[in-house]
Amino acid sequence: MSTSARDERDYFERIYTVADQVPRGQVATYGDLATIVGEGCDARIVGHALGALGARAKTVPWQRIISRTGGISTSGHGQRELLEAEGVAFDEKGHVRMAAHHWEGPSEEWARAHGFQPLPRRPGSAPDPQLRLF
DNA sequence: GTGATGACGATAT
DNA sequence: TATATCGCCATCA
């Protein structure tokens with residue numbers, strides 16, 4: 001097999017593409033991005049990709065990518081400020097309210113169009129019923 | 001090629 | 001919920 005998706009070895013580009021799909025006011029975890037990218041991608045790969053953003057940090061919403069615990073290790077980069085500016089609510093402990101801002105993933109149509117995978121549903125992780133207006 | 005590192009995840013306690 | 005331990009994979013020295 002050649003021209004395999006993995007053969008492209010452009011994990012970073014894919015991760016950037018998926019991260020760019022995260023809507024404003026929402027956040028996604030490294031694991032989610034890795035799942036969407038698939039092809040053996042892992043949460044750490046996403047972390048490395050975001051760490052290698054460099055000049056692309058201005059075009060990729062890296063601030064919307066946080067750890068699964070909702071905490072941010074990038075303290076000092078103003079990530080929290082960026083998220084708050086987008087309307088993301090934080091907990092008293094500095095954790096993002098995942099239940100209210102967790103990204104559901106890209107549309108299946110978009111995912112297929114780009115060769116990605118839709119994000120599987122998380123049992124028990126339904127959006128906050130109180131915030132579930134409309 | 002090997003070892004160490006890392007913007008992590010999942011599970012167990 | 002927080003902490004501890006293991007795993008997982010790409011990149012760097």
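None of the values given here were measured: they were computed from a predicted structure. No hydrogens, no waters, no symmetry mates; every other heavy atom, side chains included, goes into these values.
Taking atom CD of Glu92(A) as the reference point, atom P of dA2(C) lies 13 Å away to the nearest angstrom. Across the protein-nucleic acid pair, Tyr11(A) atom OH and dC9(C) atom P stand 9 Å apart, rounded to whole Å. One atom, CD1 of Ile65(A), and another, C1' of dG9(B), lie 15 Å apart when rounded to the nearest Å. Here dT5(B) presents its C1' atom at 7 Å from NE2 of His48(A), a figure rounded to the nearest Å. Summarising the geometry, the separation between CG on Asp42(A) and P on dT11(C) is reported as 13 Å, rounded to the nearest angstrom. The CZ atom of Arg56(A) sits 18 Å away from the C1' atom of dA7(B) (whole-angstrom rounding). Distance, Arg68(A) CZ to dT1(C) C1': 11 Å, rounded to whole Å. The nearest whole Å value for the distance from the CG atom in Leu50(A) to the P atom in dG9(B) is 11 Å.
Of the candidates dA10(C), dT1(C), dA7(B), dA7(B) carries the atom nearest the Thr74(A) side chain, counting heavy atoms from C-beta on. Proximity note for Trp62(A) (side chain, C-beta onward) versus dC8(C), dA7(B), dA10(C): the nearest is dA7(B). Candidate nucleotides dA2(C), dG9(B), dT11(C) were compared by shortest atom distance to the side chain of Lys93(A), and dA2(C) ranks first.
Ionic pairing of Arg14(A) and Glu39(A) is not present here: no N-O contact between side-chain nitrogen and carboxylate oxygen is shorter than 4.0 angstrom.
You'll find the side chain of Glu81(A) stays beyond 4.5 Å of the side chain of Gln63(A), heavy atoms only. Residues Ile66(A) and Leu83(A) are in side-chain contact: their nearest non-hydrogen atoms beyond the backbone lie under 4.5 Å apart.
Nucleotides of DNA chain B nearest to Thr69(A) and Ile45(A) differ in position, and the one nearer the 5' end is that of Ile45(A).
Across all strands shown, Gly51(A) has heavy atoms under 4.0 Å from base atoms, whether or not it also approaches the sugar-phosphate.
Side chain of Tyr11(A) to main chain of Val37(A): no donor-acceptor pair is present (N/O by atom type, distance under 3.5 Å, no hydrogens or angles).
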